[in-house]
Amino acid sequence: MTWLVDLLTVVLLVVGCFFVFLGSFALVKLTRFFHRIHGPTKASTLGVGCILAASISYHAVHGSGLHPRELLVTVFLFLTAPVAAHMMSRAALSLMDKRPEDPSLPIEPEGHIRDDVDERAEKHAREHEGHARGPRR
């Protein structure tokens, strides 16, 4: 029975280390701020969560029992990492000169795409009208 828990602990540690490495690699290799913040937040949270789960399983079987410290660290990690990433993203958006449009605003029924199509159709009709008349002398 303990060998199964040891195997689970090793698997959780390997998976956790892989995701922590992946998050660190994303932080170094990605170029833009919003990509850099996304990679480590998602991957490192999962990686540290797996490492904490391995710690919980090890201490539950081989240690002095289940302690609340690992559970509290896990809860605080999963609560604070996404909130911190969200706050940094909001701060970066507020500092941008050209911000993206607010998606919560209502869309106008006659948008600029329809106007472009209408203008192209009118230009096409004028060109065909000029060709039908023939060349002027």
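Heads up: numbering here begins at 1 and tracks the sequence.
Hydrophobic side-chain contacts under 4.5 Å tie Leu95 to no other Ile, Leu, Val, Met, Phe, Trp or Tyr residue. In the hydrophobic clustering, Met87 connects to Val83, either directly or through intervening members, whenever side-chain heavy atoms lie under 4.5 Å apart. Val75 belongs to a hydrophobic cluster with Leu79, counting contacts under 4.5 Å between side-chain heavy atoms of Ile, Leu, Val, Met, Phe, Trp and Tyr, direct or through other members.
One hydrophobic cluster, built from ILVMFWY side chains closer than 4.5 Å, holds both Leu46 and Val15. Residues Leu13 and Leu77 are members of one and the same hydrophobic cluster, defined by side-chain heavy-atom contacts under 4.5 angstrom among Ile, Leu, Val, Met, Phe, Trp and Tyr. In the hydrophobic clustering of ILVMFWY residues, with side-chain heavy atoms under 4.5 Å counting as a link, Leu52 and Val20 come out together.
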Would you give me the side-chain donor-acceptor pairs under 3.5 Å for residues 2-12, sequence neighbours excluded?
residue	atom	partner	partner atom	Å
Asp6	OD1	His62	NE2	2.6
Thr9	OG1	Val5	O	2.8
Thr9	OG1	Ser57	OG	3.0

Ignoring hydrogens and angles, write down the donor-acceptor pairs under 3.5 Å from the side chains of residues 27-41, residues two or more places apart or on other chains.
residue	atom	partner	partner atom	Å
Arg36	NE	Leu30	O	3.0
Arg36	NH2	Thr31	O	3.0
Thr41	OG1	Ile37	O	2.6

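Between Thr45 and Ala81, the shortest heavy-atom distance links the atoms OG1-CB, 3.6 Å.
For the ring-ring contact (aromatic ring centres under 6.0 Å, His included) condition, no pair includes a residue of residues 76-96, sequence neighbours left out.
Atom-to-atom distance recorded for Phe25:CZ and Phe19:CZ is 15.0 Å, nearest 0.5 angstrom.
Under the side-chain hydrogen bond (donor to acceptor under 3.5 Å, both in side chains) criterion, Ser55 pairs with Glu70, sequence neighbours left out.
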